[in-house]
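The next block holds one structure in the form of structure tokens; read it before the comments.
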Amino acid sequence: WAQMIGYTKEKLEPFTFDTWKKMIHPEDLQKCLNKIQEHFSDKSSRYECQFRMNHKKGHYIWIQDKGKVFGKTQEGKPLLMYGTHQDITQTKEASEQLERFFSLNLDLLCIADTDGNFIKVNKVWEKILGYTVEELEKRKFLEFVHPDDVESTLKAISKLSDQIIVTGFTNRYRAKDGSYRYFEWYSQPYNKLIYAVARDVTERINNQETLQESEEKFRLMFQYSPVGIFNFDKNGVLLDVNDNFVNIIGSSRKALIGLNMMNLPDKKLVRAVEEALNGRQGYYNDEYHPVTSNKSVYVKGVFTSIKDNEGNFVVGIGIFEDISEQKKNEKALIKAKEEAQAANRAKSDFLASMSHEIRTPINGVIGFSDLLKSTPLNDTQREYNDIVRQSANSLLGIINDILDFSKIEAGKFELQYEKTNLYATIDSALNLLNYKTLEKDIELLQSGSRNMPEFVYTDPLRLRQILLNLLSNAVKFTDKGEVELVVKKLNENPQKKLVRIYFAVKDTGIGIKEDQIQRILEPFNQGDNINTNKFEGTGLGLAITKTLLEKMGSQLTIESTFGKGSTFSFELRLKYYDSKPKEVLIVDEKRGTEEKDTESDTIGKKILIVEDNKINMQYLETVLRAENKNLTVLNAYDGETALDLFKKERPDAIFMDIQLPKMNGYEVTKRIRLMDKEIPIIAITARASSPSLPSKPF
Ligand code: ADP
């Protein structure tokens, strides 16, 4: 006993109860005294206690102390007691180590019995399930197992009861918050006890489930996708195809899987697969003829590949969309569009040739009523003749508009740019309207700056047409007050020789309602006037003007107050010239008449008229003879006769219609020019195809 704590028996003498008490660890002493007291008062048949005793070397050793009273006083109080000490330090430490190990382990550890009771669990259970160790140790573990897993758990227990080790068994345990955790078990039986280690695999299982779910989703997408999907390996061999791909290709899965796309005859497709095999995106958009069927199908395809982290090819993916229907619709649409365009062209051609056909006789009417004017007429006849002439003139205006418009619509319209005298163009437009304003009680004014360049580069006939359209509208829709043409220079760039000019036609007429302003720009739209019939017109003037301006890079602006008047304006950016160009295009009509030949110059002269229209022929001849009675006039009604007459008669000048039967005017002219380079040939035509020709054919 003494040696146990490093002493000899002598060293401890005199040995009393106090000597014993002193050697005991202060924390353990009270516990021992209590136990002794219990035994003394017969509450226990024996005394037993574990405590630490101070060793002579200073450390503590664990003692298992056992004792019993064996002699009592007459009063029954304990008198004598024997006891033993056993050094249990080693055992104690081993179990402490075990306990430490048990509580420090990161896995779930437990000891249970085969009746289903927890006996001991470690702290990890607290962390994972949220129950305290005490709460768990009191209960049956089956209470925590997911109802669906109870059966399999019971089976595992029965195996353990048969002393069989159970590994890899997974079940779900309910946590305090009601959620379930997956535990994977390793359990070992030892008689009626089970020693088990479990690991929380909830995360792994959840991940697995999500993976499975997403795999399932992709599988479904693959299978039921409205497009054809297929996989291929690094050699371009088809590994898998979905149902729709089979449908699109019109073949069978069996025939397709294993097919090497690199051997297909369609080179475009092979190239697209190659792109994907080289890690890029390949595209296909064409009519495809599958080798596995005799179908032909328009497809749009994308080829790509999936790579691993190192960039190695894993698998190729292709997507095919059947666009046959779309192509069919596209073709139908193109056909419909072409048909519509052809119909539109036919309409425009019809309009153009009809206008041309109408123009020829109208010219006859105008021409002959002109001639009629110079014959003796009485007042009534003169008045009637004027009406005929006016009506024919306005009919000609309408026809000209329709002709222009149909040309624009048919896309045949081009501007003819040339050096132009700007002032002359403006003046000629104003002059043409002067007589109309005289008939009405309105004034025609011109204002603005005259510091503009005289010569610019533009299409003079079209510019005049724009001004005429706007001015004649202004005059038409104004009963009193004035119509004013404003022309102003806005700015000028002398380096680039560019000038910006503002044009405006202002009137004090009937004005336009706000809601009509946009509408009157549409073809055949006459605003509100359409119902009144008061103003004549076709509703084409502004539509043509607008298009002409757009072609010139400008736009028409309309400002108007209903009942008060309107302003139509636009701006033009024009290139200008400092010097007078050689060619002055706007011919002063008066000067032209002043410079006419004297009769003596034309004595004995021969004129050849080539014209298939009898009336025109007669008119031309009459006009020429009216000017000069000494002329010899030769008539040719077709090209061939014209050539014969030319060779035979060698005339001094030729009037040449362009449209002729058998051989047209251009051809005849070409042949004459081979023989004679000097003779003047004057074209006469109702088809004003070149703007350098005068707008009136005669
Ligand atoms: P048209 O004069 O042949 O009817 P336009 O295209 O030139 O065709 O003009 C379309 C319509 O615009 C006219 O019918 C008229 O209602 C309106 N309009 C054009 N100019 C004026 C104007 N100066 N004043 C009032 N209304 C105008």
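This is a predicted model, so every value here is computed, not measured. Count residues from 1 along the sequence.
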message: Minimum heavy-atom separation for V314 and K307, please, with both atom names.
response: CG2-C, 3.7 Å
message: Does Y284 form a side-chain contact (heavy atoms from CB on, under 4.5 Å) with R271? I'd like the steps, not just the answer.
response: CA-CA 9 Å; Y284 184 86; R271 263 202 302 282; over 6 Å; no
message: Quick check against the 3.5 Å criterion: does E38 have a side-chain atom that pairs as donor or acceptor with the backbone of Y47?
response: no
task: Verify the neighbour count for atom CD of E514: are there more than 12 heavy atoms of other residues, nucleotides or ligands below 6.0 Å?
output: no
- request: Please report the shortest heavy-atom distance between N260 and N235, naming the atom on each side.
  value: OD1-O, 3.1 Å
field: Exceeds 12 heavy-atom contacts within 6.0 angstrom, atom CZ of R139
entry: yes
Short side-chain to backbone donor-acceptor contact, S560 and I512, under 3.5 Å: yes
Show me the donor-acceptor pairs within less than 3.5 Å that the side chains of residues 224-232 make with the rest of the protein, sequence neighbours left out.
| residue | atom | partner | partner atom | Å |
| --- | --- | --- | --- | --- |
| S225 | OG | V227 | N | 3.1 |
| S225 | OG | V227 | O | 3.3 |

message: Please determine whether a side-chain nitrogen of the Lys or Arg among E287 and K327 lies less than 4.0 Å from a carboxylate oxygen of the Asp or Glu.
response: no
message: Strictly distance-based, threshold 3.5 Å: is any side-chain N or O of N54 a donor or acceptor partner for the main-chain N or O of M23?
response: no
Which pairs of donor and acceptor atoms, one on a side chain in residues 126-134, lie under 3.5 Å apart (sequence neighbours left out)?
| residue | atom | partner | partner atom | Å |
| --- | --- | --- | --- | --- |
| E126 | OE2 | V133 | N | 2.9 |
| T132 | OG1 | E135 | N | 3.1 |
| T132 | OG1 | E135 | OE1 | 3.3 |

- request: Report the distance from atom CG of L160 to atom OH of Y190, rounding to the nearest 0.5 Å.
  value: 15.5 Å
task: Would you check if the distance from the ring center of F183 to the ring center of W125 is below 6.0 Å?
output: yes
- request: May I ask you to check whether T89 and D87 show a side-chain donor-acceptor distance below 3.5 Å?
  value: yes
message: Is it true that T16 and T19 share a donor-acceptor pair across their side chains at a distance under 3.5 Å?
response: yes
query: Considering only heavy atoms from C-beta outward, does the side chain of N117 approach that of F141 to under 4.5 Å?
result: no
- request: For the residue pair L556 and L521, establish whether any side-chain heavy-atom pair is separated by less than 4.5 Å.
  value: yes
Side-chain (N105) to main-chain (K123) donor-acceptor, under 3.5 angstrom: no
message: Is it true that, when you exclude F218 itself, more than 12 heavy atoms of the residues, nucleotides or ligands shown sit nearer than 6.0 Å to its CZ?
response: no
message: I want to check something: taking the side chain as every heavy atom from C-beta on, are P189 and I165 in contact at a cut-off of under 4.5 Å?
response: yes
field: Flag, side chain of S251 to backbone of A255, donor-acceptor distance under 3.5 Å
entry: no
query: Is the shortest distance from a Lys or Arg side-chain nitrogen in R172 or D149 to a carboxylate oxygen in the other one below 4.0 Å?
result: yes
message: Does any part of the side chain of I334, heavy atoms only, come nearer than 4.5 Å to the side chain of E338, both counted from C-beta?
response: yes
field: Point-to-point distance, once rounded to the nearest 0.5 Å, from NZ of K31 to CG of N34
entry: 10.5 Å
Nearest-0.5 Å distance, OG of residue S324 to CD of residue E330: 11.5 Å
- request: State whether K546 and E550 are salt-bridged, where the test is any N-O pair (Lys NZ or Arg NE/NH1/NH2 against Asp/Glu carboxylate O) under 4.0 Å.
  value: yes
query: Less than 4.0 Å between a side-chain N and a carboxylate O, is that true for R204 and E184?
result: yes
- prompt: Does the salt bridge (charged side-chain N to carboxylate O under 4.0 Å, His left out) test come out yes or no for E414 and K551, once each step is laid out?
  reply: CA-CA 8 Å; E414 288 300 331; K551 291 236 173 212; 5.1 Å; no
query: When you look at NZ of K57, are more than 12 heavy atoms from neighbouring residues, nucleotides or ligands closer to it than 6.0 Å?
result: no
field: Aromatic ring pairing H59/H55, orientation class (parallel under 30°, perpendicular over 60°, tilted between)
entry: parallel
query: With the threshold set at 4.0 Å, does a side-chain nitrogen-carboxylate oxygen contact exist between R219 and E215?
result: no
Pair K513-Q516, side-chain contact (heavy atoms from CB on, under 4.5 Å): steps then yes or no: CA-CA 5 Å; K513 285 185 193 149; Q516 294 293 331; 4.0 Å; yes
field: Side-chain donor-acceptor pair present, T304, Q281, cut-off under 3.5 Å
entry: yes
field: Within 6.0 angstrom of E151 CD, more than 12 heavy atoms from elsewhere
entry: no
message: For N122 and S103, which I'm curious about, is there any donor-acceptor pair between the side chains at under 3.5 Å?
response: no
query: Is a donor on one side and an acceptor on the other found under 3.5 Å between the side chain of N191 and the backbone of L193?
result: no
Under 3.5 Å: donor-acceptor pair, side chain of D113, backbone of D115: yes
message: Is a donor from one side chain sitting under 3.5 angstrom from an acceptor on the other, for D65 and Q50?
response: no
query: Under 4.0 Å between a Lys/Arg side-chain N and an Asp/Glu carboxylate O for K72 and D42?
result: yes
Evaluation steps, ring-ring contact (aromatic ring centres under 6.0 Å, His included), between W20 and F51: CA-CA 12 Å; W20 181 80; F51 53 80; 5.7 Å; yes
- prompt: Would you find more than 12 non-hydrogen atoms of other residues, nucleotides or ligands less than 6.0 Å from E13 atom CD?
  reply: yes
task: Would you confirm whether D308, through its side chain, and E310, through its main-chain N or O, come within 3.5 Å as a donor-acceptor pair?
output: yes
message: Does K21 form a side-chain contact (heavy atoms from CB on, under 4.5 Å) with D18? I'd like the steps, not just the answer.
response: CA-CA 5 Å; K21 275 191 343 197; D18 274 341; 3.6 Å; yes
query: Once you round to the nearest 0.5 Å, how far does NZ of K92 lie from CD1 of I63?
result: 12.0 Å
Main-chain N/O of A276 paired to S305 side chain as donor or acceptor, under 3.5 Å: yes
- prompt: Taking the six-membered ring for Trp, are Y173 and F118 parallel (under 30°), tilted (30 to 60°) or perpendicular (over 60°)?
  reply: tilted
- prompt: Are L136 and F144 close enough that some pair of their side-chain heavy atoms sits under 4.5 Å apart?
  reply: yes
field: Pairwise distance CG(L256) to CG(L239) - rounded to 0.5 angstrom
entry: 12.5 Å
- request: Kindly say whether T202 contributes a backbone atom to a donor-acceptor pair with the side chain of D200 at under 3.5 angstrom?
  value: yes
- request: Could you tell me whether K159 atom NZ has more than 12 heavy atoms of other residues or ligands within 6.0 Å of it?
  value: no
task: State whether the number of non-hydrogen atoms from other residues, nucleotides or ligands found under 6.0 Å of L106 atom CG is greater than 12.
output: no
field: Criterion ring-ring contact (aromatic ring centres under 6.0 Å, His included) on Y7 and W1, from CA distance to verdict
entry: CA-CA 9 Å; Y7 294 92; W1 193 98; 9.1 Å; no
- prompt: Would you say the side chain of D28 lies within less than 4.5 Å of the side chain of Y60, judging by non-hydrogen atoms?
  reply: no
Verdict with supporting geometry, Y186 and R199, side-chain contact (heavy atoms from CB on, under 4.5 Å): CA-CA 9 Å; Y186 175 85; R199 196 155 272 186; over 6 Å; no
message: Quick one, Y182 and N171 - any side-chain contact, counting heavy atoms below 4.5 Å?
response: no
Interatomic spacing from OG1 in T167 to CD in Q188 - rounded to 0.5 Å: 10.5 Å
field: Electrostatic pair K300:D322 at N-O distance under 4.0 angstrom
entry: no
